[in-house]
Amino acid sequence: MQKVAGKFDVIVIGAGVAGAAVIRELSKYNLSAAILEKEPDVCFGATKGTHGIVHCGFPVDDAPIKNRTEMKGCLMMEQACADLDVPYQKAGKLLVAFNEEELRALQKALVSLKRNGVPGVELVTDKDRLRVMEPNISDQVIAALHTANTAVVSPWGLVFGLIENAVANGAKLYIDAKVQSITANNESGFLLQTSAGSFAAGYIVNAAGLFAGKVAGLIKDNSFVVSGTRQQRIVMDKKIEGIVRHVVRDLRATGAHGDFVSPTVYGDILLGAKVENVPEVGDLRTTREGLDGWILPRCRRLIPSLPPQMSIKPFSGYIPKAGADYLIKPSPVNSRFINIVLGGSGFSASLAVGEYVVNEILPSVGLQLQKKPGFNPIRKDIPHIHDLTDEERAELIGKDPLYGHIVCRCETVSEGEIVEAIRRGARTRDGVKFRTRSGMGRCQGGFCGPRVLRILSRELGIPVEQVTRKGEGSTEVLYRTKELLKEAKGGSK
Amino acid sequence: MSGIIERSVDVAVIGGGPGGLGAAIKAREAGAKNVVLLERSEELGGMLPQCIHNGFGLHYFKEELSGPAYIHRLVKELAKTDVDVMTQTMAIKLEGTRITALTEKTLTRINAKAVILGMGCRERSRGNIRIPGHRPAGVFTAGTAQRLINVEGYIPGKKVVILGSGDIGMIMARRLTLEGAEVVCLVELLPFIGGLIRNEVQCLRDFNIPVYTSHTVSDVIGKNRVEKVVISQIDKELKPIPGTEKEFEADTLLLSVGLIPENELSTMTGVKLEPTGGPQVDDLWQTSVSGIFAGGNVVHVHDLADYVTESSEMAAVNAVKYINGYLPVERKVNVKGGKNIRYVVPNTIVSNQPVSFFMRVTWPLKNATVRIGGLVSKKYAFVRPSEQIRIDVPAEMMKGFREDIIVNCDGEEDVAR
């Protein structure tokens with residue numbers, strides 16, 4: 001028998017952006033709420049592979065929930081990022097046309113956007129003005145649809161911000177908590193057995209992303225199947241920061257995640273995307289055809305001066321979906337169990353999804369909501385030496401000398417930031433990386449890697465050989481020196 | 001509360017490796033009064049403390065030393081001076097010759113009369129060359145693995161594939177074998193080995209390590225930790241040929257695929273770079289920005305640490321002359337790489353002093369002749385990209401150069417290699 005780790009009014013399963021938005025929204029009310037994550041850290045699933053572009057809402061016919069939440073989520077993002085101290089940049093997007101046919105498509109899109117009330121949209125057909133807006137754009141581009149509200153945000157920054165703020169307002173976070181079974185009890189709700197103990201919940205919000213189908217299966221809800229698309233992308237060195245000012249996107253690509261060259265909040269440039277259906281759900285491999293055969297030539301068609309040798313990290317994201325529209329509704333098996341599976345632009349929509357689930361769906365199935373008077377929407381990020389003025393740096397180092405010890409040279413990350421990241425929940429090198437950017441720069445952890453291992457080992461009180469990249473099975477170094485020689489001599493370990 | 005510290009010095013050296021140490025000692029010796037040395041790491045020496053193999057010092061100290069022993073000698077010399085050594089100090093900004101640096105004490109602004117760049121280079125990473133596949137733990141640059149083993153005391157894994165036949169890659173093949181790990185194979189994109197012949201012999205052949213030239217890593221398999229590495233033969237455009245895949249079980253992939261001079265600070269203050277990634281320098285080792293000198297691997301990647309120390313010392317001597325107002329700038333002659341020359345350093349000649357030309361060829365040749373302008377030529381039985389060519393030209397001969405100097409290398413195609 002596992003001991004009951006907690007009894008909550010609402011339990012959210014999955015600490016990606018959807019779950020994070022829901023738990024933060026729940027923390028505004030007088031109720032008890034917890035979020036369970038199977039991985040050793042939050043934001044370790046699909047959200048960490050998103051591009052961080054917040055779309056302003058591009059209405060499509062067969063997705064009313066997506067249309068509604070995407071546009072609203074985009075408008076909510078700026079304030080939330082300000083409250084949560086998350087990097088946000090209203091870069092705007094240029095959807096470009098290379099020929100008359102594409103121009104006609106832009107004209108149609110403009111009408112549709114305006115009809116749906118998307119603000120800040122205009123068609124730029126003056127080539128000179130276009131080049132003032134985006135000096136490195138291909139001279140083959142004849143027009144662009146400018147959406148001023150498209151923004152770039154740190155995806156993991158948003159998740160950390162939402163969850164830290166929810167926890168500060170009374171919500172609980174459980175990591176390494178993989179849900180193994182759920183027993184429904186019609187009167188009082190559910191009993192959950194997890195790898196972190198057992199929990200009781202009045203309501204469950206299933207925001208398990210890629211694994212939402214499996215979690216729903218635990219209450220014998222087989223009403224949907226999670227599939228998705230893989231998106232290969234390349235991060236480019238911030239040395240070429242400014243090569244684009246807007247998200248520059250090719251119209252020929254279909255769907256909301258086509259070929260683009262995008263600024264990021266950190267100065268890197270992001271290229272994407274080779275979008276594919278792959279046989280293995282959640283497959284995050286990159287391929288040579290995708291990187292060198294697709295992304296680079298197509299992005300260079302948009303921005304011809306893009307230098308391929310400035311690539312620092314190719315990666316893949318995987319966007320889970322369960323149909324043409326977002327799935328956000330009570331389970332047909334048990335109405336106290338709410339399923340959420342987003343899809344393309346899910347990141348953009350996330351804040352509106354959180355609000356929709358908490359303020360509309362949960363009350364519709366009986367949850368009583370009462371505003372919490374002491375709710376504090378403000379959260380401060382770890383202070384980043386890189387972003388401070390010299391005076392602020394000197395002051396911070398005066399308070400804590402570890403902020404003067406630079407561990408990651410490419411991104412100017414100090415030991416103070418790394419220690420604070422661990423204090424806030426980082427257990428792995430990726431956890432440190434996403435919170436501090438240590439290892440995210442041009443040398444990709446070549447210099448700081450061994451030093452971060454040492455700091456993680458020291459702060460967590462575990463041997464270096466047990467420090468992992470991203471959880472179980474991803475140990476960074478496998479042996480101590482001389483260990484293999486002893487093994488060989490002694491026959492077996 | 002602690003405030004920003006402002007200080008003024010004659011010479012500031014950025015980087016405490018074999019170049020920076022030599023530069024700091026020499027600058028003091030040449031008469032600079034205040035010399036400060038900034039090193040970002042916990043210890044002095046740059047990469048050499050982790051280079052526990054021998055082969056260092058034959059040229060500079062006239063005896064063969066290990067990396068740590070070589071550095072120890074320089075550190076001992078430095079200790080005899082009053083050079084202000086700041087370790088765990090990161091220069092984060094360079095404006096003209098003013099440095100902003102972070103230490104555990106505070107933020108310091110150092111106004112230097114002259115700056116010597118000695119930041120060395122960094123390793124090219126997996127992302128730079130876009131090796132596709134999963135992105136598990138277990139992929140390291142060879143230098144990072146070397147630090148883990150020789151300084152930190154950890155072995156990355158026990159079944160290792162190495163991509164790239166740079167010197168560090170080959171040295172790590174031997175080191176891992178001696179530690180009881182299995183080096184499954186070493187894979188090289190080019191048809192020939194990229195590092196020194198002595199390393200090919202002593203690190204690969206002596207340990208019977210399988211070598212696949214004209215191959216590359218075409219896939220990495222393993223979601224959490226490397227499980228398999230797939231290699232493929234490549235075509236003339238260096239692209240993998242489908243159907244030639246070989247799959248190896250491995251828990252680790254090491255990369256020794258090139259070094260990039262680390263000039264992020266240099267470019268902040270407008271130092272012009274060459275296509276090699278190093279700053280343009282003249283024969284006095286001054287960069288395109290007045291008062292900023294550079295030596296060692298931050299300029300171009302050297303085969304020998306000895307030459308790193310030597311060039312940095314020259315940069316220091318000239319930096320002191322610059323401060324004292326008698327830098328012997330008398331003319332300007334450009335130096336350019338011609339036939340089969342990938343790069344040549346220095347890029348301009350401004351003095352009438354003797355000059356050491358450093359260069360690398362693009363392609364291996366035998367019975368080769370390197371010509372420096374119309375005046376100097378030198379014959380070589382073999383030239384290879386991996387073996388740096390150094391030609392010292394005396395002052396008398398240098399005076400003869402009045403126009404742009406083109407360096408060419410002719411010879412016969414070397415089919416044996």
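Numbers restart at 1 for each chain; the letters A, B, ... are given by sequence-line order, proteins then strands.
- The cationic group of A:K399 does not satisfy the cation-pi geometry with A:Y403, failing either the under 6.0 Å distance to the six-membered ring centre or the 45° limit from the ring axis.
- For A:D430, no part sits under 4.5 Å from any heavy atom of chain B, backbone or side chain.
- Contact of B:R109 with chain A is made through the side chain alone, with heavy-atom distances under 4.5 Å.
- No more than 12 heavy-atom neighbours from other residues, nucleotides or ligands sit within 6.0 angstrom of NZ on A:K178.
- For chain A, the nearby part of B:T100 is the side chain; its heavy atoms alone come within less than 4.5 Å.
- Of the N and O atoms on the side chains of A:T50 and A:T47, not one donor lies less than 3.5 Å from an acceptor on the other residue.
- For B:R147, the part lying near chain A is the side chain, with the backbone staying farther off; criterion is any non-hydrogen pair under 4.5 Å.
- For A:L296, the part lying near chain B is the side chain, with the backbone staying farther off; criterion is any non-hydrogen pair under 4.5 Å.
- With a 4.5 angstrom heavy-atom cutoff, A:R442 touches chain B via backbone and side-chain atoms both.
- Between B:E42 and B:Q88, the side chains place no donor N or O within less than 3.5 Å of an acceptor N or O (distance only, hydrogens not considered).
- With respect to chain A, the highest number of heavy-atom pairs below 4.5 Å among B:K93, B:K158, B:R124 belongs to B:K158.
- Contact count against chain B (heavy-atom pairs under 4.5 Å) is highest for A:R451 among A:E415, A:R454, A:E289, A:R451.
- Distance check, rounded to the nearest 0.5 Å: CZ of B:R40 to CD1 of B:I92 gives 13.5 Å.
- Proximity to chain A is absent for every atom of B:K239, based on heavy atoms less than 4.5 angstrom apart.
- Contacts of A:T412 with chain B are made by side-chain atoms alone, with heavy-atom separations under 4.5 Å and no backbone atom involved.
- With B:E227 contributing its side chain and B:G222 its backbone, the two residues share no donor-acceptor pair below 3.5 Å.
- Checked by atom type and distance alone, the side chain of A:E459 never pairs as donor or acceptor with a backbone atom of A:L456 at under 3.5 Å.
- Highest contact tally toward chain B, considering only A:T468, A:I385, A:D390, is held by A:D390 [criterion: heavy-atom pairs under 4.5 Å].
- With a 4.5 angstrom heavy-atom cutoff, B:I221 does not touch chain A via any of its atoms.
- Only the side chain of A:K470 has a heavy atom closer than 4.5 Å to any heavy atom of chain B.
- Both the backbone and the side chain of B:E179 have a heavy atom closer than 4.5 Å to some heavy atom of chain A.
- Of the possible polar contacts, one joining the B:N128 side chain to the B:S125 backbone as a donor-acceptor pair under 3.5 Å is found.
- One side chain, A:T229 or A:Q231, offers a donor N or O that lies under 3.5 Å from an acceptor on the other.
- The aromatic rings of A:W156 and A:F434 sit tilted, their planes meeting at an angle between 30° and 60°.
- For the set A:M236, A:R288, A:Q444, the count of heavy-atom pairs under 4.5 angstrom toward chain B peaks at A:R288.
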side-chain hydrogen bond (donor to acceptor under 3.5 Å, both in side chains) between A:Q232 and A:E276, worked out:
CA-CA 8 Å; A:Q232 297 189 48; A:E276 296 156 290; 3.0 Å; yes
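- Without hydrogens or angle criteria, A:S438 side chain to A:K433 main chain gives no donor-acceptor distance under 3.5 Å.
- Contacts with chain B were tallied for A:S414, A:G471, A:G445, A:P308; A:P308 has the most, counting heavy-atom pairs under 4.5 Å.
- Contact of A:T475 with chain B is made through the backbone alone, with heavy-atom distances under 4.5 Å.
- With a 4.5 angstrom heavy-atom cutoff, A:L396 does not touch chain B via any of its atoms.
- Proximity to chain B involves both the backbone and the side chain of A:I312, based on heavy atoms less than 4.5 angstrom apart.
- In summary, the side chains of A:S311 and B:R130 do present a donor paired with an acceptor at a separation below 3.5 Å, with no hydrogens or angles considered.
- With a 4.5 angstrom heavy-atom cutoff, B:D251 touches chain A only via side-chain atoms.
- Residue with the most contacts toward chain A among B:R126, B:E262, B:E123: B:E262 (heavy-atom pairs, distance under 4.5 Å).
- Contacts with chain B were tallied for A:H405, A:K482, A:Q309, A:R469; A:H405 has the most, counting heavy-atom pairs under 4.5 Å.
- Residue contact with chain A, scored on non-hydrogen atoms closer than 4.5 Å, involves the side chain of B:L148 exclusively.
- Looking at A:H386, A:E411, A:E417 one by one, the single match for side-chain contact (heavy atoms from CB on, under 4.5 Å) with A:R437 turns out to be A:E411.
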